[in-house]
There are 2 protein chains.
Amino acid sequence: MEINRTSRLPLYQQIYEILRGQLIRGKWAPGESFPTEFELIREFQVSRVTIRQVMDRLASDGFIYRQRGRGTFVAEPTLEEGLTRIISFTEDMRRRGLAAGTKVLVSTILPATDDVAIALRIKPGEEVVYLKRLRSANNEPMCIEESHLNHRLCPGILDHDFSIQPLREILESKFRIRISRALQKIHAVVSDEEMNQMLKTPNPSALLFIERTSFNDYDTPVEFLRLFFRGDRYSLYNELKD
Amino acid sequence: MEINRTSRLPLYQQIYEILRGQLIRGKWAPGESFPTEFELIREFQVSRVTIRQVMDRLASDGFIYRQRGRGTFVAEPTLEEGLTRIISFTEDMRRRGLAAGTKVLVSTILPATDDVAIALRIKPGEEVVYLKRLRSANNEPMCIEESHLNHRLCPGILDHDFSIQPLREILESKFRIRISRALQKIHAVVSDEEMNQMLKTPNPSALLFIERTSFNDYDTPVEFLRLFFRGDRYSLYNELKD
DNA sequence: TAGTGGTCTAGACCACAAA
DNA sequence: TTGTGGTCTAGACCACTAA
């Protein structure tokens with residue numbers, strides 16, 4: 001874990017990426033002491049302001065919290081992160097104390113419909129990878145997920161087994177596509193017959209319906225996602241300020 | 001707008017509050033130039049680092065955005081703010097281009113039920129102000145709002161007219177209670193007969209259901225709120241990072 | 001008392017945009 | 001060329017916690 005002083009990437013960003021990666025990979029347990037400012041100053045040989053810039057960001061991201069006079073500590077994972085960071089379904093369920101499962105229902109290539117084309121900023125009729133999965137938690141159905149990928153950006157992706165390897169991992173390792181941000185819309189809808197069958201919900205049921213467009217580093221839409229969560233089992237949590 | 005150098009409140013926080021207040025009150029129009037760093041340095045007579053600390057926060061709050069070489073500008077109001085800041089129903093509707101209306105359905109004092117008591121951290125049976133309102137947008141029903149206030153914190157609040165003056169304003173001016181943060185849970189539920197009548201929705205309909213507990217500066221729960229939004233008319237928006 | 005995080009300063013050099 | 005925001009430095013003093 002070295003920083004590059006000749007890189008055009010600012011020092012604080014390099015250090016941020018390093019520490020953030022270590023936090024996500026679980027280098028420290030929640031509640032454990034995080035290195036002090038002066039330890040990080042020694043380790044990376046930068047000024048205190050630069051280290052504090054990094055720690056301010058890690059704190060506002062919710063990864064660490066600081067206590068004057070005591071030190072800095074690693075924060076517990078929160079459910080709120082599902083509304084601020086892009087985390088996988090598996091990770092989301094783990095935080096809720098549930099074991100995630102996946103069943104691929106459909107995986108094929110289709111011409112883009114008008115709404116999908118608009119979301120992906122492509123022409124209607126262009127090739128879209130359509131992936132429909134049933135997501136479960138503790139072996140009970142939890143969510144229907146319909147993914148639409150711009151096939152031009154990930155040709156041949158259908159050869160992979162989506163029930164084993166996470167989609168984002170495939171995009172990153174095989175196609176060098178990193179999802180850096182996403183915009184989403186959250187609604188409530190009534191389930192239809194087909195959904196009730198798949199989700200084992202009574203008729204009628206309410207579903208938490210999320211439409212999400214994910215973008216790569218160059219702000220090109222990569223994926224358009226529709227998520228239908230069981231309203232009786234899944235809620236979102238967050239904090240409002242001021 | 002002066003800062004107090006002998007106050008225990010840090011300079012950057014004082015300046016932040018001043019500028020934030022001016023931004024919220026609309027001192028500058030969206031898109032308009034915000035004062036440059038050096039103008040603010042001159043105005044408040046503090047160092048550049050301090051001003052940047054303020055502007056970093058205003059930027060991450062979404063109030064301003066900066067462009068290297070060009071300057072700093074006032075951001076457009078976004079719908080996302082409804083998921084990060086505590087904004088009033090009226091303000092939320094305004095951002096959606098709708099005119100808000102309010103009809104008070106019930107306003108009374110009740111003993112706290114178990115769930116409300118837990119949320120407000122009081123004993124079951126203690127006095128709670130119960131306020132039920134029908135919120136409308138462009139004269140169409142949009143939301144049923146059930147508010148539960150800890151009556152001990154705002155005795156006599158029922159004398160006010162909630163259809164005219166915003167609840168938060170009454171709390172602030174009459175009882176010196178400032179809501180500084182809130183925790184909420186977002187679900188989807190199916191409407192019942194009574195709700196369908198009030199909201200003029202068909203049976204069955206899906207509602208976006210939000211439960212929110214609001215806290216004052218001392219982290220005491222002040223209000224427990226249940227919001228039932230029409231699923232066909234109301235959605236939440238937000239951005240996910242990385 | 002020693003160590004931690006919180007605040008603040010003056011000053012430097014850089015990249016970028018506009019005139 | 002000028003002015004803007006972006007990054008980085010060394011150093012200072014303070015408030016709080018724990019030993």
Side-chain angles (χ1 to χ4, degrees), chain A residues 2-20 23 28 31-75 217-219, chain B residues 2-20 23 28 30-75 217-219 241:
Chain A
E2 289 283 326
I3 57 174
N4 177 0
R5 288 193 171 263
T6 61
S7 163
R8 50 261 156 280
L9 226 63
L11 297 178
Y12 80 89
Q13 226 171 86
Q14 296 183 44
I15 298 171
Y16 173 82
E17 291 298 339
I18 291 171
L19 294 176
R20 185 174 174 285
L23 283 160
W28 301 278
E32 201 177 331
S33 272
F34 191 76
T36 69
E37 299 181 350
F38 295 97
E39 283 169 355
L40 293 173
I41 289 169
R42 272 198 300 282
E43 178 175 352
F44 293 106
Q45 296 291 313
V46 296
S47 76
R48 181 154 176 233
V49 178
T50 303
I51 287 297
R52 281 188 62 81
Q53 194 173 2
V54 172
M55 294 179 79
D56 283 350
R57 194 157 157 207
L58 290 172
S60 92
D61 286 351
F63 287 117
I64 60 175
Y65 59 93
R66 298 188 272 189
Q67 290 183 8
R68 186 195 293 224
R70 300 216 328 124
T72 301
F73 304 90
V74 177
D217 289 325
Y218 312 103
D219 239 30
Chain B
E2 287 283 324
I3 58 175
N4 177 1
R5 288 193 171 260
T6 62
S7 162
R8 52 258 155 281
L9 226 63
L11 298 179
Y12 80 89
Q13 226 171 87
Q14 296 183 43
I15 298 171
Y16 172 83
E17 291 298 339
I18 291 171
L19 294 177
R20 184 174 175 287
L23 282 160
W28 302 278
E32 201 177 331
S33 272
F34 192 75
T36 68
E37 298 181 350
F38 295 96
E39 282 169 356
L40 293 172
I41 289 168
R42 273 197 300 279
E43 179 175 350
F44 293 107
Q45 296 290 313
V46 296
S47 75
R48 181 153 177 232
V49 178
T50 303
I51 288 297
R52 280 189 62 82
Q53 195 173 0
V54 172
M55 295 179 78
D56 283 351
R57 197 159 154 206
L58 290 173
S60 92
D61 288 350
F63 288 117
I64 60 175
Y65 58 93
R66 298 189 270 190
Q67 292 184 6
R68 185 193 294 222
R70 301 216 325 125
T72 301
F73 304 90
V74 177
D217 290 325
Y218 311 103
D219 238 30
K241 301 265 182 183

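Letters A, B, ... are given to chains in the order of the sequence lines, protein chains preceding strands, and every chain is numbered from 1. Everything numeric in this text was worked out from a predicted model, so none of it was measured.
The CG atom of B:Leu58 sits 15 Å away from the C1' atom of D:dG5 (whole-angstrom rounding). Following rounding to the nearest Å, B:Ile41 (CD1) and C:dA12 (C1') show an atom-to-atom distance of 14 Å. The interatomic distance linking A:Ile51 (CD1) with C:dG6 (P) rounds to 14 Å, in whole Å. At whole-Å resolution of the value, CG in B:Leu40 and P in D:dG3 are 17 Å apart. Atom CZ of A:Phe44 and atom C1' of D:dC8 are 16 Å apart (whole Å). Computed from coordinates, the B:Gln67 CD to D:dT4 C1' distance equals 11 Å when rounded to whole Å.
For the pair A:Asp61 (side chain) and A:Phe63 (backbone), a donor-acceptor distance under 3.5 Å is absent. B:Gln14 places a side-chain N or O within 3.5 Å of a backbone atom of B:Leu9 that can act as its donor or acceptor partner.
Closest to the side chain of A:Phe38, out of D:dG5, C:dG5, D:dC8, is C:dG5. Taking the side chain of B:Arg48 as heavy atoms from C-beta on, and the options C:dT4, C:dT7, C:dC13, the nearest nucleotide is C:dC13. Minimum atom distance to the side chain of B:Val49 is reached by C:dA10, of the listed C:dG5, C:dA10, C:dA12. When each of C:dG6, D:dT7, D:dG6 is scored by its nearest atom to the side-chain atoms of A:Glu37, the top-ranked nucleotide is C:dG6. Listed nucleotides: C:dA18, C:dG6, D:dT7. Nearest to the side chain of A:Arg66: C:dG6. Side chain of B:Arg70, nearest nucleotide from C:dG5, C:dC8, C:dA17: C:dA17. Taking the side chain of B:Gln53 as heavy atoms from C-beta on, and the options C:dG6, C:dT9, C:dT7, the nearest nucleotide is C:dT7.
Here B:Tyr12 reaches the OP1 or OP2 of C:dT7: one of its side-chain N or O atoms lies under 4.0 Å away. Look at B:Thr50 and you'll find a side-chain N or O under 4.0 angstrom from OP1 or OP2 of C:dT9. The side chain of A:Thr72 contributes an N or O atom lying less than 4.0 Å from OP1 or OP2 of C:dG5.
Aromatic pair B:Phe73/B:Phe34: centroids not less than 6.0 angstrom apart.
Not a single donor-acceptor pair, N or O on each side, falls under 3.5 Å between the base of C:dG6 and the side chain of B:Arg8. With hydrogens and angles left out, the side chain of B:Arg52 and the base of D:dT7 share no donor-acceptor pair within 3.5 Å.
Checking B:Arg68 against A:Asp56, the closest nucleotide of DNA chain C that is more toward the 5' end is the one next to A:Asp56. Between A:Gly69 and B:Gly71, the residue anchored nearer the 5' end of DNA chain D, judged by the nucleotide with its closest heavy atom, is B:Gly71.
Considering every non-hydrogen atom in both A:Arg42 and A:Gln45, the closest pair reads O-NE2, 2.8 Å.
Counting heavy atoms from C-beta outward, A:Val54 and A:Val46 have side chains that stay 4.5 Å or more apart.
Among the heavy atoms of the strands lying under 4.0 Å from A:Ser47 is at least one base atom, whether or not backbone atoms are also near.
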